[in-house]
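Residue numbers begin at 1 in each chain, while the letters A, B, ... track the order of the sequences.
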Amino acid sequence: MVQGKFKILDDLDLYKTLTCGQAFRWGLYRDGKFSYAKLDGEGFIWSIVYNNFLALKQEKDYIYYKSSSDKFYIPQIGKTLNIEEFLHFYFKFDKNITELYRIMEKDRILKDALIHRGIRILRQEPFETTITFIFSAQNTVYNIAKSVYLLSKKYSKDLIFPTPEFISKLKVEDLKELPVRFENRVISAIEFSKHVLNGFNLYKLVNYNYELAHQTLTSIKGIGNKIADCILLFSLDFDEAFPIDVHIKNMVFKYYRDELNLKENRSLTDKEYKTISAFFRRKYGKWAGWVQEYLYALSRKPDIS
DNA sequence: GTCCAGGGTGGCG
DNA sequence: CGCCACCATGGA
């Protein structure tokens, strides 16, 4: 057990960042149950990240932390970090978000999204992120969180996220209770785990360029354009990835219809997805994914925070 | 009851 | 290519 406080190096809204829809394991763990996005009596929010139990609370310019260990092994960079190095890594304090705010202030739509300032993109664990977003298809944040929780509970009492070995040995019937929308989501998760065991190195994608990394992921069955972009943005450091879900699609049709020459609001073809995604990538570069997250926050109903 | 949620695949023209 | 059927949970 390690505890202390970490001086925040750049703008951060801890709660919004952990509950804006990029991470699904932050909340309250009590009595063998998990309540997504809930705080404990002391105002801490809990999770299991990179195999450690971790509790965080923000007070002004500090993050107060309690961790089950001071060692965080980060497979995609092959290094072990201590808790403070980890927080720096996880919240991407190597990026100065005021640069993004200056871009947003000048934009007719994005300036409204500044009410959500403090949201940062996280560096999450890639294998966990992949399985999580495979579960996300046409599903709610609450049910995605519940699915990941039930899967982890099946693996260990500590609620550590399961290994590829464990998931690859599961049968569809073992995961009947997961509230995923389609059975093929469970099948894809199991098949992806087998793919990893057969030698597919997810972590080496950090060294690819965006196009190749995206193409590599979408060539895997069960992973399409949107899920690939979520994996790249939320776990593999591709800040230029621009995932387009239904909310983003609606925002694009509402505010960018003329610029993108879009006609009616219907589901996107593969070509349209790539055109829209590339449009924002060209416009915002390494901030495109962050812009996407602020548009997402703006479009979501204020049920959380 | 109806509507919708951080989608993807395969088949057909 | 574009379009479309299909998959088949749970909360508001």
Figure out the [atom1]/[atom2] separation between [X] and [N], and round it to whole Å.
| X | N | atom1 | atom2 | value |
| --- | --- | --- | --- | --- |
| A:Y273 | C:dC1 | OH | P | 17 Å |
| A:I244 | B:dG8 | CD1 | C1' | 15 Å |
| A:I231 | B:dG7 | CD1 | C1' | 12 Å |
| A:E191 | B:dT9 | CD | C1' | 15 Å |
| A:N225 | B:dT9 | CG | C1' | 12 Å |

Subject >> Contacts of type ring pair (Phe, Tyr, Trp, His ring centres under 6.0 Å), residue A:F166, not counting sequence neighbours >> reply: A:Y155

Subject >> For A:F44, all residues meeting ring pair (Phe, Tyr, Trp, His ring centres under 6.0 Å), sequence neighbours excluded >> reply: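 Here no residue qualifies.
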
Subject >> Within 6.0 angstrom of A:K286 NZ, more than 12 heavy atoms from elsewhere >> reply: yes

**OP:** Answer yes or no: does atom CD of A:E165 have more than 12 heavy-atom neighbours from other residues, nucleotides or ligands under 6.0 Å?
**Re:** yes

Original post:
NA contact type, A:E293, heavy-atom cut-off 4.0 Å: base, sugar-phosphate, or nothing?
Top reply: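 Base: the residue A:E293, judged by heavy atoms under 4.0 Å, touches a nucleobase.
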
Original post:
Base, sugar-phosphate alone, or nothing: which one does A:F234 contact when heavy atoms must sit under 4.0 Å apart?
Top reply: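 Base: the residue A:F234, judged by heavy atoms under 4.0 Å, touches a nucleobase.
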
[Y] side chain reached by [X] side chain, heavy atoms, under 4.5 Å:
| X | Y | answer |
| --- | --- | --- |
| A:I63 | A:K5 | no |
| A:D94 | A:R123 | yes |
| A:F135 | A:F24 | no |

Original post:
Cation-pi between A:R117 and A:Y101: NZ/CZ under 6.0 Å from ring centre and within 45° of the ring axis?
Top reply: yes

**OP:** Locate the shortest heavy-atom distance separating A:W26 from A:V49; write the atom from each residue and the value.
**Re:**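 What the structure gives for the nearest pair is CZ2-CG1, 3.9 Å.
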
Subject >> nucleotides 3-9 of chain C: protein proximity per nucleotide (B base, S sugar-phosphate only, - neither; heavy atom, under 4.0 Å) >> reply: S---BBB

Original post:
Nearest of B:dG7, B:dA5, C:dC1 to any side-chain atom of A:T140?
Top reply: B:dA5

**OP:** Residues of residues 213-224 of chain A with any non-hydrogen atom less than 4.0 angstrom from an atom of DNA chain B: list those, numerically ordered, please.
**Re:** A:I220, A:K221, A:G222, A:I223, A:G224

What does the list of N/O pairs under 3.5 Å between the protein and nucleotides 11-13 of chain B look like, with a distance for each?
none

Original post:
Which salt bridge (Lys or Arg N to Asp or Glu O under 4.0 Å) pairs, counting each pair once, include a residue from residues 63-82 of chain A, with sequence neighbours left out?
Top reply: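 Counting only pairs at least two positions apart or across chains, the salt bridge (Lys or Arg N to Asp or Glu O under 4.0 Å) contacts touching residues 63-82 of chain A are A:E42-A:K66.
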
Original post:
For A:D229, which of A:F133, A:Y210, A:F238 qualifies under side-chain contact (heavy atoms from CB on, under 4.5 Å)?
Top reply: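 Of all the options given, the one that passes is A:Y210.
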
